[in-house]
Number of protein chains: 2
Amino acid sequence: MPDHTVDSCAPHADRVEESHAEIRAAFGAFAGKWKLEILWLLSQRMHRFNELKRAIPGVTQHMLTQQLRELESDGMVRRTVYPEIPPRVEYEITDDTLRLRPVFEAIFVWSRQRQAARAGNDADDAAA
Amino acid sequence: MPDHTVDSCAPHADRVEESHAEIRAAFGAFAGKWKLEILWLLSQRMHRFNELKRAIPGVTQHMLTQQLRELESDGMVRRTVYPEIPPRVEYEITDDTLRLRPVFEAIFVWSRQRQAARAGNDADDAAA
DNA sequence: CTGTATCCGTTTAGATACTG
DNA sequence: CAGTATCTAAACGGATACAG
């Protein structure tokens with residue numbers, strides 16, 4: 001999708017500065033040690049609280065609750081409480097975070113290219 | 001590049017677990033408050049130390065040095081020292097980080113969709 | 001210019017106990 | 001099950017001063 005809000009003849013420096021502000025804002029939305037991992041898990045499917053806790057080795061209840069609350073107030077995650085015994089709380093992504101899937105896919109591609117490049121370098125080293 | 005190490009008829013859960021390990025590793029590579037922003041700036045062009053410092057409002061010399069050293073030892077950034085007076089140090093991306101550009105572009109797309117969705121919701125709210 | 005060293009406050013993290 | 005509350009320790013981050 002081309003950007004028709006900006007004159008495409010504008011000097012490159014303007015676009016870079018605008019991009020810088022944008023990317024800072026975007027990065028801020030998922031800054032936090034566990035947020036990307038939480039969002040990635042939720043982009044696969046809905047999770048209950050303890051499901052997330054088990055799925056993320058190393059996270060504590062304390063931090064998981066905190067990060068989930070921040071994601072919720074940023075509109076990145078929807079929290080649904082079922083008033084049952086025992087209690088059930090489900091976490092889902094919102095439309096905003098569903099659109100993060102291409103980002104995760106791009107990260108996958110990068111990660112695999114990086115591993116392949118390293119394997120290639122290792123092979124070169126071994127051959128040399 | 002398809003994954004031929006795994007039977008493509010394998011249950012979905014296997015792929016998800018494999019993906020989880022991959023994405024954790026990938027996230028770890030640019031975990032750190034300033035790393036994504038540094039990598040994004042360097043993906044545009046080479047920067048000198050103080051250029052980066054000026055370009056990243058809020059970063060301190062301390063943290064910038066630390067994060068650059070970590071990125072360097074992870075092979076994400078190349079550091080070149082010119083033994084001149086005054087000293088000159090240049091930071092460039094490596095091939096590994098050049099391939100992060102699609103990730104940044106995906107983040108841009110997401111960021112703009114998010115803003116557009118919010119503007120749309122605001123318009124809906126106003127119209128209702 | 002490009003750092004390093006130090007001090008200090010904030011954030012993160014882990015452990016434990018307790019609640020609806 | 002899904003949290004909250006509290007305490008403590010460690011890691012992170014920022015300000016300042018100093019150095020090659």
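Just so it is clear: chains get the letters A, B, ... in the order the sequence lines come, proteins before strands, and each one is counted from 1.
Atom CD of B:Glu70 is separated from atom P of C:dG3 by 15 Å (rounded to the nearest Å). When rounded to the nearest whole Å, the span between OH of A:Tyr82 and C1' of D:dG3 equals 17 Å. Between the CZ atom of B:Arg54 and the C1' atom of C:dT2 there is a distance of 12 Å, given to the nearest Å. In this structure, B:Leu68 places its CG atom 11 Å from C1' of C:dT2, rounding to the nearest Å. Atom CG in A:Leu52 sits about 10 Å away from atom P in D:dA2, given to the nearest Å. Separating the CG atom of A:Leu64 from the C1' atom of D:dC1 is a distance of 13 Å, rounded to the nearest angstrom. Atom P of nucleotide D:dC1 and atom CD1 of A:Ile85 are separated by 13 Å, given to the nearest angstrom. The nearest whole Å value for the distance from the CD atom in A:Glu51 to the C1' atom in D:dG3 is 16 Å.
Ring-plane geometry between B:Trp40 and B:Phe104 is classed as perpendicular, the angle between the planes exceeding 60 degrees on a 0 to 90 degree scale with a lower cut at 30.
Screening residues 27-36 of chain B for side chain to side chain donor-acceptor pair (under 3.5 Å) gives B:Lys35-B:Glu70 as the qualifying pairs, with residues at least two apart or on separate chains.
Between A:Leu42 and A:Thr97 there is no side-chain heavy-atom pair separated by less than 4.5 Å.
Listed candidates were C:dG14, D:dG13, C:dG20. Nearest to the side chain of B:Lys33 is D:dG13. The A:Asn50 side chain lies nearest to D:dA2 when the options are D:dA2, D:dA15, D:dG20. Looking at the side chain of A:Met63, the nearest of the listed nucleotides C:dC1, D:dC1, C:dA13 is C:dA13. Listed nucleotides C:dG14, D:dC1, D:dG3 differ in distance to A:Pro87; the shortest reach to its side chain belongs to D:dC1.
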Tell me, with the steps shown, if B:Ile38 and B:Gln67 meet side-chain contact (heavy atoms from CB on, under 4.5 Å).
CA-CA 9 Å; B:Ile38 292 169; B:Gln67 305 266 296; 3.9 Å; yes
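Put simply, CH2 on B:Trp110 and CZ on A:Arg99 are 10.0 Å apart, with the number rounded to the nearest 0.5 Å. For the atom pair CZ of B:Arg69 and CD of B:Glu72, the computed distance is 6.0 Å after rounding to the nearest 0.5 Å.
Here the rule is salt bridge (Lys or Arg N to Asp or Glu O under 4.0 Å) with B:Glu92, and of B:Arg78, B:Arg45, B:Arg48 only B:Arg78 fits it.
Residue contacts shown for A:Tyr91 are limited to sugar-phosphate atoms, with no base heavy atom under 4.0 Å away. Among the atoms of the strands shown, none is found under 4.0 Å from any heavy atom of B:Glu84.
Residue A:Trp34 places at least one side-chain N or O under 4.0 Å from the OP1 or OP2 atom of C:dA13. Distances shorter than 4.0 Å separate none of the side-chain N or O atoms of A:Arg48 from OP1 or OP2 on D:dC1.
Mapping B:Thr60 and A:Val81 onto DNA chain D by nearest heavy atom places A:Val81 closer to the 5' end of the strand.
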Atom pairs, N/O to N/O, protein against nucleotides 4-11 of chain D, distance under 3.5 Å?
| from | atom 1 | to | atom 2 | distance (Å) |
| --- | --- | --- | --- | --- |
| D:dT4 | OP1 | A:Arg69 | NH2 | 3.1 |
| D:dT4 | O4 | A:Gln61 | OE1 | 3.4 |

